Amino acid sequence: MSYDLKEVSKDIRCDIMTCIGHLGVGHIGGCLSIVEALAVLYFEAMNIDPKNPQMEGRDRFICSKGHAGPAVYAALANRGYFDKSELLTLNIGGTHLPSHCDMLLTPGIDMTAGSLGQGFSCAAGIALASKLENDGATIYAMVGDGESQEGQIWEAAMFAASRHLSNFIAFTDYNKMQIDDYVANVNDIAPLGDKWRAFGWNVIEVENGNDVDQVSAAVKEAKGLRNSGKPTMIILNTIKGCGVSFIEEMGVANHNANISEEDAKRAIEEIRG
Amino acid sequence: MELRAAYAECLAELMKEDKHVVVLDADLSKASGTRKMYDRFPDQMFDVGIAEQNMASIAAGMASYGFKPYIESFTPFATRRICDQATISIAYAKRNVKIVGTDPGISAQLNGGTHMSMEDIGVMRSIPGMVIYEPVDVTQLKAAMPVINDYDGAVYIRLFRKETPDVFGEGYKFDLFKADKLRDGNDLSVFVSGMFTRDVVDIAEELAAEGISCDVLNIHTIKPIDKESVIESARKTGNVITIENHNIIGGLHSAVCEALAQEKVPVSAVGINDRFGEVGKLPYLREAFGLTKEDIKKAIVDAASLK
């Protein structure tokens, strides 16, 4: 079955707005910037079964920038892992949908993440495990650009290349912003592509990481590199808060912002056009 | 036999039986005694290099795939260095990872203060769900390893890696959650962990001849502590002392005091008095830290007089 990824992206984006608007606050910017990657992964690239989230040999996705949990939950709900109504429980006491991804709580979440850098190492461990099991799975991970300041990212990068984990495809959500300021002003990670190449990775740079066609083409290219003996980093040049003008305009303030239900309604109108 | 050799022997048995038992090293496999296993189990041994935090999270990822990883390093790097990874990647995510730290406390000897963990039990004890086991001899460790391997959850093994005098003999039965009674007595409960256990058994024997009757328990599992046995002994003797190769803050003494918080009983302590380590061989360090057999005996005699 094939999906209209542009429409899927709109649905995911609207559901992110709805659940964060319902709660009143959330990591909105970094959720909206990865929507297209999630649409491509969950609706095109990954071998998964929403009715059997623990399916053996499935592809896995680890959102190492764990604060983008609401975006992943929106993708999972749209894909049928659980009912969309659950999205309104985001961050409410007792919920299955906490702010940061938790594998013990949410069907479809493959690894707990939130303490930055760790999810990516865990993903490398999962990729190694899959290689040992020879089950043919592809392991995907999403890393934040601010998160790339963590030393553990580069420890895992070195390890994945050293172990020739060509079943490992990672993304950097390169939206150029972090909590305090622009990444370049805080502790610059550029030139990012050169860094990953120097660490022994294939690198695919996507000019517009919020264009599903470009992201889809990049993932297909990455899958084609399975015999390269190297892991692949797809650098997604994205916009933090993408798709909702008033959130994009907040700039670095959109990392964790107050969003009212009225704001969410306005955003959804804009997304639906 | 060195404890690390016994540990490696046990691991090899477990790895032979189950290909999902894997070992991850951070460039200290020689110290941990597992270097030779790399040739024998090439698909189950992984040296990740000098990156302990990465090692801990990789292990958590592998555990998510059904593997049973053991990660190894010196105690400070297997605990305080990976505190967040042990907490989040392993314990919070309930991953079945065994963490093995070698050379606890003053046993790091010539590596000195930077490599001496006086706080590792304190660090690990405050992580919810973390089990902490400290072996005392080869017999106990060999009995413990299969039990720990079968336990589905994070365990920190605080491994003195050199030779230790025997404490347990043939027929020894190990229960991960039950302290081992080493001697029955009525005057003073002596709760001991790790490398000083043999000394304490000998001291208790000597003191029996001098009229002091010690109830000696080896607290091999410091968390969860065997509260029932600790309280039972304390109620019987009405007087307690703890003996450990760790900072008195956060280690066995703290665990025992927590267990006895509702009991009206004095709890004396022998351990490291909130100070960092330094270089030296074991005899020097035991003297410098007030942990010689004579120091321990005097502390026990002093404690016995409190009743």
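Bear in mind the structure is a predicted one, so any value in this text is a computation, not a measurement. Convention: sequence-line order gives letters A, B, ...; per-chain numbering from 1.
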Asker: Under a 4.5 Å cutoff for heavy-atom pairs, which residue among B/Gln85, B/Lys19, B/Met62, B/His20 has the most contacts with chain A?
Answerer: B/Gln85

Asker: Of B/Asp47, B/Leu28, B/Val23, which meets side-chain contact (heavy atoms from CB on, under 4.5 Å) against B/Glu72?
Answerer: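 Exactly one candidate clears the test, B/Val23.
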
Asker: Counting only non-hydrogen atoms closer than 4.5 Å, does A/Ala157 touch chain B with its backbone (N, CA, C, O), its side chain (CB onward), both, or neither?
Answerer: neither

Asker: Can you pull the side chain to side chain donor-acceptor pair (under 3.5 Å) pairs that have at least one residue in residues 102-114 of chain B, sequence neighbours excluded?
Answerer: B/Asp103-B/Arg161

Asker: Cut-off 3.5 Å, side chains only: do B/Arg158 and B/Ser193 have a donor facing an acceptor?
Answerer: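 There is no such pair (donor and acceptor under 3.5 Å, judged by atom type) between the side chains of B/Arg158 and B/Ser193.
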
Asker: What part of A/Ala123 is in contact with chain B, defined as an atom under 4.5 angstrom from a non-hydrogen atom: side chain, backbone, both or neither?
Answerer: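 It is neither, since no heavy atom gets under 4.5 Å.
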
Asker: Between A/Ile139, A/Leu128, A/Asp102, which has the largest tally of heavy atom pairs under 4.5 Å with chain B?
Answerer: A/Leu128

Asker: Given a strict heavy-atom distance threshold of 4.5 Å, which part of A/Ser162 is in contact with chain B: side chain, backbone, both, or neither?
Answerer: neither

Asker: Counting distance only, does the side-chain N/O of A/Ser166 pair as donor-acceptor with the main-chain N or O of A/Arg226 below 3.5 Å?
Answerer: yes

Asker: Are the charged groups of B/Lys227 and B/Glu258 less than 4.0 angstrom apart, N to O?
Answerer: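 Judged by the 4.0 Å cut-off on N to carboxylate O distance, B/Lys227 and B/Glu258 do not form a salt bridge.
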
Asker: Pick whichever of B/Ser64, B/Gly66, B/Ala59, B/Gly49 has the most heavy-atom pairs under 4.5 Å with chain A.
Answerer: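 Going by pairs under 4.5 Å, I would pick B/Ser64.
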
Asker: Counting heavy-atom pairs closer than 4.5 Å to chain B, which one of A/Ile126, A/Thr112, A/Asp110 comes out on top?
Answerer: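 Heavy-atom pairs under 4.5 Å are most numerous for A/Ile126.
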
Asker: Quick one: is the NZ or CZ of B/Arg40 closer than 6.0 Å to the six-membered ring centre of B/Tyr38, and within 45° of its axis?
Answerer: no

Asker: Donor-acceptor pair, distance only, cut-off 3.5 Å: does the side chain of B/Glu119 make one with the backbone of B/Gly250?
Answerer: no

Asker: Among residues 51-82 of chain A, which residues come closer than 4.5 Å to chain B, judged by heavy atom distances?
Answerer: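 The residues closer than 4.5 Å to chain B, in numerical order, are A/Arg58, A/Arg60.
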
Asker: Partners of B/Phe177 by ring pair (Phe, Tyr, Trp, His ring centres under 6.0 Å), sequence neighbours excluded?
Answerer: B/Tyr151

Asker: Using the ring pair (Phe, Tyr, Trp, His ring centres under 6.0 Å) criterion, which residues pair with A/His164? Sequence neighbours excluded.
Answerer: none

